Amino acid sequence: MNLFSEIRALVITQLTALQAEGTLPEGLDFTNVAVEPPRDAAHGDMATNAAMVLAKPAKMKPRDIAEALAGKLAEDARVETAEVAGPGFLNLRLATGLWQGLVKSVLDTGAGFGRSDMGQGKRVNIEYVSANPTGPLHVGHTRGAVFGDALASLLDFAGYDVTREYYINDGGAQVDVLARSVYLRYLEAHGQEVAFEDGTYPGDYLIPVGEALKDKVGDAFVDKGEQFWLAEIREFATEKMMDLIREDLKALKIEMDVFYSEKSLYGTGQIEAALKSLEDKGLIYEGVLEPPKGKTPEDWEPREQTLFKSSDHGDDVDRPVKKSDGSWTYFAPDIAYHYDKVQRGFDLLIDIFGADHGGYVKRMKAAVSALSDGQTAIDIKLTQLVKLFKNGEPFKMSKRAGTFVTLRDVVEQVGPDVTRFVMLTRKNDAPLDFDFDKVLEQSKDNPVFYVQYAHARVCSAIKKATDAGIDVTDATIAGADLTKLSDPAELTVARKLAEWPRLVEIAGRTNEPHRVAFYLYELASDLHSLYHSGKDNADLRFVQEDNAAATQAKIALARAVAIVISAGLGILGVTPAQEMR
RNA sequence: GCACCCAUAGCUCAGCUGGAUAGAGCGCUGCCCUCCGAAGGCAGAGGUCUGAGGUUCGAAUCCUCAUGGGUGCGCCA
């Protein structure tokens, strides 16, 4: 039940009625007519811009339209007052029963309250993390992982058919580097002294991999040339790294639907097929690129390469798909991978990249546009850097990996719930400060705590009511007399609950899960505020020991808040707290 | 040099496909514990939304330019 769309439907109906009466001309476009919460609650419960949007096409004064519409709307039982304000705003005050009904609707619908059919079952593929299988995930990956996962849940909640996907970059030179690094650890396991030169991965996490390799093949590769072991170790090490990454993701409570291997694209004709598709559109040619201006590499020399004419699809320059030696660039299998996604029939592709891949956005969009003839929509979201702090000091090194802080370092210190929530309290394209101490602080300036506390507070109120001998089970409060919820402070909370379905749609439309986190903070704030007003006004306390009916109504409201908080946290991938400890 | 992202209160940040007097937390000031939990509550001060133009009935939001910051820029992935 989305009250906003319900009232908007009413507005449209009455506008149509005005047309039938001849007050408004025919042929008006109502798509821009909006019903939203007013900026200032004193203006009313909802406001519509209908009069201002329609004034020009209808060739009428906005206030005249607003007056006529106000008269129509006021006839409806749901509308208490309709007042024209300012340049032509129409402020609506809704009947109290509507808010009480909304609370009941939350209780009846439960966790599904706020679910939307906006997505109409459209198939969305969200690709995120996609870290190279060369080591454990680090903080940067963590943000992308949390963001992608929350976005996936959000879109699912908004009615899309979502696939969560991880692209394994196991086809490039970096997995050769991994294999060589593991080989060194393997020699070490055999008691040899080894040196980790530049271009190898020195992290401790490869020690057990080297030992496992020794257990598997004994000394078969010792003192042998690369040609004897590279392919096998590459395979072995990549699998071990993916096991590691899967463990990392699990620690963050992330489960992918699909792990898609880059390597699987080689030797199967898929890359060739994707490029053929582009070639058939006249988008592949042999050419020489201009050197980058202002920063010409010293060893620059013009070379002929196979290029994709991405500039035809919005990119700045054309991009190479083959190196000058004829082998594929990274871009080529990526084109093939996206070609595969297009062919799997998704309506929308979403890629989550780290900010350092920002330069890659245009060519990827160009590729998808070209491959699908503009039929498959693609959105690419960048996640900005995470700066870690501890005791107010920047925090950089990890004991585990040596050079970077891993996802595990973070999750093991603060837990998956806090990690996820904090990472989502910022827009994805804004840098994020993550302070190990602050995120665990139990105070109002810690949103995680504040929201969890609200949920726990409801749980505690329910327990308290039960202890007082009042039946506040879900079954009972679903039938509570909600007309007892008439205090403005209580209705304020109900109004906030009414915004939830609308917020889900806005967040889903913009692919911005952080809006959910901010909404939950506001909702929690309203609940805490109501709770505290019980201090001055005993009638507002959640538990009225001598009045079961009033308690049931108040607990119904509180329970509705808990349901929405729980649903919202569910989207963020955070478990609601039953109690604070 | 070019591209992308960003610029909102002292600080950290929200701001709804353009809407009314631009919001929150922290910090600051002042009140409030006989009170379902003061790990708090209530109230107040604090803004030329980086600047200049433009579009519009209406701009923090859209467009152009400028300034400042971040990221990236053939044969890495």
Side-chain angles (χ1 to χ4, degrees), chain A residues 31-32 34 36-40 42-43 47 49 52-53 55-56 61-62 85-89 91 130 132 134 169 171-175 177 262 288-297 299-303 305 307 315-320 322-327 329-331 333-334 354-362 382 384-385 425-427 429-433 438 441-447 449-450 453 457 460-461 464-465 468 499 502-503 505-507 509-510 512 514-515 517-519 521-522 525 528-529 531-536 538 540-545 554 580:
Chain A
T31 51
N32 285 330
E36 347 183 81
R39 197 177 284 279
D40 188 339
H43 290 139
N49 61 354
M52 284 176 293
V53 171
K56 201 171 187 181
K61 287 181 188 166
F89 271 100
N91 292 324
S130 296
N132 290 343
T134 55
N169 292 128
Q174 77 281 3
V175 284
V177 174
E262 176 193 355
V288 178
L289 285 174
E290 295 288 312
K293 293 200 170 106
K295 192 201 159 205
T296 308
D299 59 348
W300 168 269
E301 44 185 296
R303 295 256 172 91
Q305 297 172 277
L307 302 170
D315 204 353
D316 308 302
V317 293
D318 297 337
R319 306 291 178 179
K322 272 188 185 174
K323 303 174 193 172
S324 47
D325 67 3
S327 62
T329 61
Y330 171 77
F331 192 33
D334 223 352
D356 55 343
H357 284 57
Y360 209 66
V361 171
K362 279 192 177 180
L382 301 178
Q384 269 293 348
L385 303 177
T425 51
R426 201 106 312 170
K427 257 187 311 214
D429 53 10
L432 169 73
D433 288 351
K438 277 193 181 161
E441 203 171 279
Q442 299 199 332
S443 71
K444 190 176 178 180
D445 59 325
N446 182 356
F449 168 78
Y450 202 60
Y453 190 17
R457 182 161 260 171
S460 135
K464 192 175 175 72
E499 289 178 26
R502 186 170 176 272
L503 183 112
E505 296 195 349
I506 291 169
R509 191 164 51 230
T510 50
E512 293 182 340
H514 77 274
R515 290 175 191 269
F518 281 93
Y519 169 80
Y521 183 81
E522 288 168 16
S525 176
H528 288 309
S529 182
Y531 176 92
H532 285 295
S533 55
K535 203 162 50 170
D536 299 323
L540 287 177
R541 295 185 186 178
F542 291 176
V543 179
Q544 306 281 325
E545 299 197 357
K554 289 168 196 303
M580 303 309 292

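Because the structure is predicted, anything quoted here is derived from the model rather than measured. Each chain gets a letter, A, B and so on, in the order its sequence line appears, and its residues count up from 1. Heavy atoms only: backbone and side chains are in, while hydrogens, waters and symmetry mates are out.
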Exercise. Scan every strand shown for a Watson-Crick or G-U wobble partner of rC62(B), both distances under 3.5 Å, and answer none if you come up empty.
Key: rG54(B)
Quiz prompt | Interatomic distance at P, rU71(B) relative to rG58(B), whole Å | solution = 40 Å
Exercise. Could you tell me which residues satisfy side-chain contact (heavy atoms from CB on, under 4.5 Å) with T31(A), sequence neighbours excluded, listed by chain and number?
Key: D29(A)
Self-check item: Integer angstrom distance from the P of rC2(B) to that of rC65(B)
Solution: 11 Å
Quiz item: How would you label the contact of H357(A) with the nucleic acid (heavy atoms, under 4.0 Å): base, sugar-phosphate, or nothing?
Solution: base
Quiz item: For the residue pair H514(A) and F518(A), does the interplanar ring angle fall in the parallel (under 30°), tilted (30 to 60°) or perpendicular (over 60°) class?
Solution: perpendicular
Self-check item: Pairing nucleotide - rC73(B), Watson-Crick or G-U, each distance under 3.5 Å
Solution: rG1(B)
Quiz item: Is there aromatic stacking of H532(A) against rG40(B), centre distance under 5.5 Å, plane angle under 30°?
Solution: no
Self-check item: Base-pairing assignment for rG46(B) (Watson-Crick or G-U wobble, both under 3.5 Å)
Solution: none
Quiz item: Looking at the side chain of L289(A), which of rC42(B), rA20(B), rG74(B) is the nearest nucleotide?
Solution: rG74(B)
Exercise. Mind checking ring-ring contact (aromatic ring centres under 6.0 Å, His included) for Y521(A) and listing every partner two or more places apart, or none if nothing turns up?
Key: Y450(A)
Quiz item: Choosing from rC16(B), rC75(B), rC13(B), which nucleotide comes nearest the side chain of K323(A)?
Solution: rC75(B)
Quiz item: Below 4.0 angstrom from OP1 or OP2 of rG15(B), is there any side-chain N or O of R515(A)?
Solution: yes
Exercise. Identify whether any heavy atom of F542(A) sits under 4.0 Å from a base atom; if not, whether one sits that close to sugar-phosphate; answer base, sugar-phosphate or nothing.
Key: base
Quiz item: So what does A47(A) touch, heavy atoms closer than 4.0 Å: a base, only the sugar-phosphate, or nothing?
Solution: base
Exercise. Decide yes or no, distance alone: a donor-acceptor N/O pair under 3.5 angstrom between the base of rC13(B) and the side-chain of R426(A).
Key: no
Quiz item: What nucleotide among rC57(B), rG70(B), rC75(B) has an atom nearest to a side-chain atom of R303(A)?
Solution: rC75(B)
Quiz item: With sugar-phosphate meaning primed atoms plus P, OP1 and OP2, does L382(A) contact a base, only sugar-phosphate, or nothing at under 4.0 Å between heavy atoms?
Solution: nothing
Quiz item: Among rC6(B), rG74(B), rA20(B), which nucleotide sits nearest the side chain of Q305(A)?
Solution: rG74(B)
Quiz prompt | Rounded distance [0.5 Å steps], CD in Q384(A) versus CZ in R426(A) | solution = 12.5 Å
Practice problem: Identify whether any heavy atom of S533(A) sits under 4.0 Å from a base atom; if not, whether one sits that close to sugar-phosphate; answer base, sugar-phosphate or nothing. | Solution: nothing
Self-check item: K362(A), nearest nucleotide to its side chain (from rA14(B), rG74(B), rA3(B))
Solution: rA3(B)
Quiz item: Can you check the L432(A) CG to rC13(B) C1' distance for me, whole Å?
Solution: 11 Å
Quiz item: With a non-hydrogen cut-off below 4.0 angstrom, is P62(A) in contact with a base, only sugar-phosphate, or nothing?
Solution: nothing
Quiz item: Among the nucleotides rC6(B), rA77(B), rC16(B), which one has an atom lying closest to any side-chain atom of P37(A)?
Solution: rC16(B)
Self-check item: rC5(B) and rA45(B), which share atom name P, separated by this distance in whole Å
Solution: 38 Å
Exercise. Spell out yes or no: do the side chain of D334(A) and the base of rA77(B) have one donor N/O and one acceptor N/O closer than 3.5 Å?
Key: no
Quiz prompt | From E505(A) atom CD to T510(A) atom OG1, the distance as rounded to the nearest 0.5 Å | solution = 11.5 Å
Quiz prompt | Candidates rU71(B), rG15(B), rG74(B) - which lies nearest the side chain of D356(A) | solution = rU71(B)
Exercise. Mind checking V543(A) for me? I need base, sugar-phosphate or nothing, with any heavy atom below 4.0 Å counting as a touch.
Key: base
Exercise. List the steps and the verdict of side-chain contact (heavy atoms from CB on, under 4.5 Å) for N169(A) and Q174(A).
Key: CA-CA 9 Å; N169(A) 292 128; Q174(A) 77 281 3; 3.5 Å; yes
Quiz item: Which nucleotide sits closest to the side chain of E36(A): rC16(B), rA14(B), rC57(B)?
Solution: rC16(B)
Output one line per pair: protein atom, nucleotide atom from nucleotides 24-32 of chain B, and distance, for all N/O pairs under 3.5 Å.
from	atom 1	to	atom 2	distance (Å)
rG25(B)	OP1	K444(A)	NZ	3.4

Practice problem: Determine the Euclidean distance between corresponding P atoms of rC49(B) and rC62(B); express it in Å to zero decimal places. | Solution: 16 Å
Quiz item: What distance do R515(A) atom CZ and R509(A) atom CZ have between them, rounded to the nearest 0.5 Å?
Solution: 9.0 Å
Exercise. Just name whichever nucleotide pairs with rG10(B), Watson-Crick or G-U, keeping both distances under 3.5 Å, else none.
Key: rC26(B)
Exercise. To the nearest 0.5 Å, tell me how far I506(A) CD1 sits from E36(A) CD.
Key: 8.0 Å
Quiz item: Which base sits across from rU34(B) as a Watson-Crick or G-U pair, both distances under 3.5 Å?
Solution: none
Practice problem: Would you kindly give the CG-to-P distance between D325(A) and rC75(B), to the nearest whole Å? | Solution: 11 Å
Exercise. Report which part of the nucleic acid A85(A) touches: base, sugar-phosphate, or nothing (heavy-atom distance under 4.0 Å, all strands).
Key: base
Quiz item: Around atom CD of E441(A), are there more than 12 heavy atoms of other residues, nucleotides or ligands at under 6.0 Å?
Solution: yes
Quiz item: Expressed in whole Å, how much space separates the C1' atoms belonging to rG27(B) and rU12(B)?
Solution: 11 Å
Quiz item: Between F331(A) and Y360(A), how do the two ring planes meet: parallel, tilted or perpendicular, split at 30° and 60°?
Solution: perpendicular
Practice problem: Could you work out the separation of rC63(B) and rC16(B) based on their P atoms and round it to a whole Å? | Solution: 15 Å
Quiz item: Is there a donor and acceptor pair, one atom on the side chain of R509(A) and one on the base of rC16(B), closer than 3.5 Å?
Solution: no
Quiz item: How would you label the contact of R457(A) with the nucleic acid (heavy atoms, under 4.0 Å): base, sugar-phosphate, or nothing?
Solution: sugar-phosphate
Quiz prompt | Under 4.0 angstrom between K427(A) side-chain N/O and rC5(B) OP1 or OP2 | solution = no
Practice problem: For K56(A), answer base if it contacts any base atom (sugar-phosphate contacts may also be present), sugar-phosphate if it contacts only those atoms, and nothing otherwise; contact means non-hydrogen atoms under 4.0 Å. | Solution: sugar-phosphate
Quiz item: Taking any strand in view, what nucleotide pairs with rU17(B) in a Watson-Crick or G-U wobble way, both distances under 3.5 Å?
Solution: none
